[in-house]
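Okay, structure first, notes after.
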Amino acid sequence: MTIFPRIRSLLAFFLAALVTVCSVSSTYAIEPIKIARDDVALDLSGAVEIYRNQGENFQVSTAPGPDGIVRRIEVEANDNRSTGDWAVFALANTTDQQIDRLIVAPHFRLVNSGLFWPDLGSTRIAAITPSEGFALDRQASPDADVFRITLNPGAVVTFVADLASPKLPQVYLWEPEAYKDSVNSYTLYRGIVIGIAGLLALFLTILFVVKGTSMFPATAALSWAVLAYICVDFGFLSKIIEMSPGNEQLWRAGTEVGLAATFVVFLFAYLNLNRWHGHFSYGALVWVLGLGLIAGIAIIDPAVAAGIARLSFAATAVIGVGLIIMLGIRGYDRAIMLVPSWVMVLLWLAGSWMAVNGLLDNDIVQPALGGGLILIILLIGFTVMQHAFSGGALHQGLFSDIERQALAVIGSGDIVWDWDVLRDRVVTRPDVSLQLGLAPNSLGGPARNWLPVLHADDRDTFRTTLDIVLEHRRGRVAQNFRLRGADGHYHWFALRARPVIGSDGEVIRCVGTMVDVTEQKKAEERLLHDAVHDNLTGLPNRELFMNRLDAVISIARTEEKVRPTVFVIDIDRFKQVNDGLGISAGDTILLTIARRLHRLLKPKDSLSRFAGDQFALMLLSEQDPARIAAVAEAIKHAISAPITFAKREIVLTASMGLITWTSDQTSAEDMVKDAELALHQAKRFGGDRIEPFRPAFRTVGTDKLQFESDLRRAIERREFTLAYQPIVRLEDNSIAGFEALLRWDHPRRGMIPPADFIPVAENCGLIVQLGLFAMQRAAEDLASWQKQISDAPLSVSVNLSSRQLIRRDLVSDVRSVIARANLKARCFRLELTESLVMDNPEQAVHVLNKLKRLGIGLSLDDFGTGYSSLSYLTRFPFDTIKIDKSFVDDTTPKRAMLIKSMVNMAHELGLSVVAEGVSDQSDALELRQIGCEYVQSFMFGAPVAGDQVLKMLKEQYPLAQA
């Protein structure tokens with residue numbers, strides 16, 4: 001029973017202790033800073049309480065809330081930059097509106113940074129945790145820690161800042177737009193100051209180049225040091241190079257050390273102190289070396305280095321006052337002229353001392369001191385310029401002929417070459433050794449000293465030329481030779497000299513000039529190279545290739561192991577690449593192909609660019625036919641590998657003709673011609689193939705009877721097929737119909753293009769059968785597709801030839817084709833060219849009107865390229881015109897106007913318009929805006945076989961597949 005009284009006493013004790021803690025906490029609760037809506041910028045530095053060495057977990061009492069209650073909060077450090085130090089402050093929103101503010105803690109502040117162990121800046125706040133809500137988000141800023149806060153109406157929030165640095169020089173509360181305006185205004189000022197500093201440094205450096213005395217490089221070095229200091233102080237250097245958080249202090253200390261060191265060097269060089277006493281030189285040298293060691297210390301402890309540099313700068317300014325007074329009393333002009341600049345230095349030094357010790361405490365001090373440094377350098381620059389331009393003019397007077405000649409040689413910039421034959425001593429003025437990067441006067445002394453430096457091919461000529469002059473006691477030295485520089489590269493020189501004859505008739509001297517002609521020689525070599533090489537790829541051109549091949553053939557006649565193989569390579573459809581992507585893209589692709597082919601070569605082989613997209617390869621490294629075929633396949637694969645250009649992949653193919661040398665070929669010209677015949681045959685077979693040369697190729701194209709016989713048999717054997725190219729609506733990119741195109745797959749010659757067999761078919765009368773076959777097959781295919789996709793609104797177009805147009809049975813043939821295929825007449829179209837219609841306009845109008853009455857469509861192909869009269873055009877019953885691709889590809893300013901006029905004219909006549917050859921989306925969009933309804937081009941669809949057409953249609957009409 002005695003346990004319960006004890007428990008009650010313990011509870012009473014704990015309650016009393018809790019009341020005591022709460023009363024203590026309320027006693028030490030932080031006082032909030034009241035914020036009004038009109039407050040633009042508040043300095044919170046005096047209201048921030050710092051708690052040192054509190055560890056990773058920190059407890060603190062909050063400011064009394066609106067209800068007067070003081071709470072206890074605990075914050076945990078979650079940032080690896082935490083130091084265990086914490087800062088606490090509270091803000092109270094006394095308004096009835098929500099307030100947005102920025103908490104800003106600058107990384108570096110010159111004010112109150114200290115003199116001996118200065119605070120060189122760092123990240124100040126790792127994170128801020130409010131007593132209400134979540135931790136604040138950090139805003140991106142290279143110069144300060146910026147956190148955005150939002151205070152609700154009447155809210156009192158205590159903020160606990162996790163410090164990343166033991167020092168927190170300043171904390172501001174900014175209105176966001178006001179802070180942005182402040183940063184922008186300082187950015188403009190800083191940009192102007194940095195620009196002036198950069199121009200001063202550049203100008204003084206140029207002045208140093210013009211005037212090479214020690215005063216000018218010292219001034220230029222001081223100006224560059226000031227520029228570096230300004231760039232770091234204004235945060236400009238961090239925008240040029242990436243700085244890690246710890247490197248900012250190192251850069252700041254380094255620039256301060258550099259500024260102090262160059263200040264010492266400038267004072268020593270400008271006052272020319274070594275002229276008065278040698279100890280000044282030793283003292284300045286020791287001082288600068290000491291600052292160099294301090295720069296090394298900056299890597300370990302930047303604060304110590306910066307403090308010593310500041311003391312050095314102040315000591316230099318004070319010592320400079322004494323030196324200027326002492327030398328000015330002695331009448332030394334330079335000391336007197338430096339007085340205004342040094343007064344500015346002392347004023348700047350006083351302002352800096354007051355700033356770093358906190359006597360001047362505002363935000364304008366730091367940028368003002370940076371601008372003051374620029375004023376000092378500007379004044380010093382004017383002082384130095386007075387010395388630069390105070391030299392007297394060239395004294396005028398009379399010169400002898402020898403003096404005039406000497407001045408002329410000096411003015412020309414040539415090197416005087418003087419060989420004293422009696423003493424065997426060569427002298428050059430100025431010293432050519434320095435121009436070559438060698439030790440001074442290394443080419444002086446005996447003439448034999450030149451032999452090791454001369455190019456091996458020029459030594460004998462140089463020695464022989466000098467010996468001939470000495471032996472014949474007359475003549476002149478006129479020789480071009482190469483001298484090796486210290487870097488191993490050779491320089492071309494032109495030596496022009498004459499002997500000087502003594503009283504005894506012997507040569508006692510040889511004097512002349514040397515001129516560096518390296519650039520001229522390089523230009524000559526480039527011209528020679530360009531004469532026999534391709535300008536784009538750098539490969540040998542056709543002439544050089546032929547020359548090399550002739551030489552190899554001459555060797556092959558006597559050497560059995562030498563059997564050259566010649567490849568002639570042509571890129572298929574490369575003109576389309578140039579037309580579609582532009583000439584620059586074509587050049588890039590040619591360079592890529594040239595590099596790929598060059599990688600396949602072995603040392604004996606040779607690659608050449610003949611012209612355009614045609615290359616030639618001479619293969620000597622392989623003799624076995626199987627290995628030669630493997631090389632051909634490797635070339636084919638190298639060219640067909642995708643080429644990426646402008647974020648698209650371009651796949652090309654190549655046609656190749658090849659021939660291996662036999663004793664029948666008498667010259668390189670014959671071999672190349674035979675290889676080109678094989679290439680043409682590969683092209684005739686459709687391209688993308690390799691054709692070895694066969695003697696029969698020499699008669700290809702001449703045996704027309706054989707070709708006609710093959711054409712007749714092809715109709716009987718059904719070797720002809722149709723390919724269908726889509727005609728697309730521009731409105732929604734859907735397929736409106738197809739144009740049927742004839743294809744002939746010859747069993748021996750491969751795919752023969754229509755341009756080869758259509759003219760032959762017209763001449764021998766077979767075009768009617770081919771046309772009837774094309775109409776019947778196209779109608780049957782379209783009917784079959786429509787059955788499988790539920791009568792989609794499609795049409796098929798077939799080209800009509802001249803012989804078909806003048807046939808009386810054409811109308812009945814078309815009627816029969818439509819009826820046999822059970823096809824609606826409106827789905828079948830015939831295409832005619834302008835030239836075909838205008839050959840016999842009266843007959844054409846009669847036939848076309850009959851065809852129109854059948855209900856089929858009529859298209860006028862290649863519109864605008866013929867010679868038709870618009871008055872006749874109104875009589876023809878066409879319902880569609882097809883604008884030729886030459887108008888779409890046109891790049892002249894009148895292109896859009898021409899196309900628009902064609903489209904408007906067609907619409908006025910009630911015709912629809914199809915544009916051919918559209919190569920990019922911008923042209924398609926322009927045509928759609930003009931009013932063109934349809935397009936037909938490779939970009940919207942290449943000609944495909946009938947089974948592939950059905951797949952395309954099923955993708956467009958997915959609901960109709962069932």
Side-chain angles (χ1 to χ4, degrees), residues 572-573 653 655-657 677-692 694 696-726 738-785 796-805 807 809-810 813-814 816-817 820-821 823 828-831 861 938 941-952:
D572 297 330
R573 297 181 299 277
T653 59
S655 300
M656 274 181 280
L677 284 175
L679 170 66
H680 294 155
Q681 192 66 17
K683 285 284 190 181
R684 291 171 63 86
F685 290 164
D688 191 20
R689 58 190 292 141
I690 304 165
E691 282 294 330
R694 292 189 289 273
F697 290 167
R698 293 172 181 158
T699 60
V700 169
T702 59
D703 192 356
K704 294 183 179 179
L705 293 177
Q706 182 64 41
F707 194 85
E708 291 178 8
S709 177
D710 291 344
L711 190 60
R712 295 180 187 278
R713 279 196 294 267
I715 297 175
E716 298 172 359
R717 297 173 181 176
R718 298 183 179 181
E719 294 175 359
F720 288 95
T721 57
L722 289 183
Y724 298 90
Q725 185 171 23
F738 299 88
E739 180 181 358
L741 304 170
L742 272 171
R743 295 289 185 263
W744 182 16
D745 189 8
H746 195 281
R748 288 184 296 104
R749 299 181 180 180
M751 194 66 68
I752 299 178
D756 288 349
F757 67 81
I758 291 294
V760 177
E762 286 184 343
N763 292 333
C764 65
L766 296 176
I767 192 64
V768 175
Q769 297 181 47
L770 284 177
L772 188 60
F773 164 80
M775 288 191 293
Q776 188 66 50
R777 174 61 62 84
E780 291 173 356
D781 286 346
L782 180 60
S784 174
W785 300 335
V796 64
S797 301
V798 180
N799 290 289
L800 201 64
S801 69
S802 58
R803 281 185 175 268
Q804 289 176 283
L805 183 61
R807 287 184 68 250
D809 297 332
L810 176 62
D813 287 344
V814 173
S816 174
V817 165
R820 190 178 304 171
L823 185 70
F828 189 81
R829 310 184 65 85
L830 291 176
E831 288 189 10
D861 199 5
F938 278 79
V944 295
D947 55 346
Q948 296 180 4
V949 170
L950 187 58
K951 293 180 182 178
M952 295 168 56

(message) If I take atom CG from residue Leu810 and atom CG from residue Leu800, how far apart are they, to the nearest 0.5 angstrom?
(response) 5.5 Å
(request) For the residue pair Asp710 and His746, establish whether any side-chain heavy-atom pair is separated by less than 4.5 Å. (result) yes
(message) Given 3.5 Å as the limit, does a donor-acceptor pair link the side chain of Asp572 with the main chain of Asp688, or not?
(response) yes
(message) Please find the pair of heavy atoms, one from Gly687 and one from Ser655, that lie closest to each other, and give the distance.
(response) CA-OG, 3.1 Å
(message) I need the minimum non-hydrogen distance between Val798 and Ala740, along with the two atoms involved.
(response) CG2-CB, 4.3 Å
(request) Nearest 0.5 Å please: distance from the CD atom of Glu719 over to the CD1 atom of Ile752. (result) 8.5 Å
(message) Can you tell me if Arg829 has over 12 outside heavy atoms packed within less than 6.0 Å of its CZ?
(response) yes
(message) For Ser801, is there any backbone N or O sitting under 3.5 Å from a side-chain donor or acceptor partner on Gln804?
(response) yes
(message) Quick check for you: to the nearest 0.5 Å, what is the distance between Asp745 atom CG and Met751 atom CE?
(response) 4.5 Å
(message) Working to the nearest 0.5 angstrom, can you tell me the gap between Glu716 CD and Leu711 CG?
(response) 10.5 Å
(message) Could you check whether any side-chain heavy atom of Leu741 comes within less than 4.5 Å of a side-chain heavy atom of Leu722, counting everything from C-beta outward?
(response) no
(message) What's the separation between atom CG in Asp813 and atom CZ in Arg820, rounded to the nearest 0.5 Å?
(response) 9.0 Å
(message) I'd like to check Ile758 versus Ile767 (side-chain heavy atoms, cut-off strictly below 4.5 Å). Are they in contact?
(response) yes
(message) With heavy-atom distances below 4.5 Å as the criterion, would you say the side chains of Asp809 and Val768 are in contact?
(response) no
(request) Would you check if Pro943 and Phe738 make a side-chain contact, meaning some heavy-atom pair closer than 4.5 Å? (result) no
(request) Determine, for Arg689 against Glu691, whether the closest basic-nitrogen to carboxylate-oxygen distance falls under 4.0 angstrom. (result) yes
(message) Quick check: do Glu739 and Pro726 have side-chain heavy atoms less than 4.5 Å from each other?
(response) no
(request) Identify, with sequence neighbours excluded, every residue that meets ring pair (Phe, Tyr, Trp, His ring centres under 6.0 Å) alongside Phe757. (result) Phe720, Trp744
(message) Within the 4.5 Å heavy-atom criterion, are Gln725 and Val944 side-chain neighbours or not?
(response) no
(request) Would you check, one step at a time, whether the test side-chain contact (heavy atoms from CB on, under 4.5 Å) holds for Val814 with Phe828? (result) CA-CA 9 Å; Val814 173; Phe828 189 81; 4.3 Å; yes
(message) Could you measure the distance from the CG atom of Leu823 to the CD atom of Glu780? Nearest 0.5 Å is fine.
(response) 10.5 Å
(message) Quick one, Val760 and Leu766 - any side-chain contact, counting heavy atoms below 4.5 Å?
(response) no
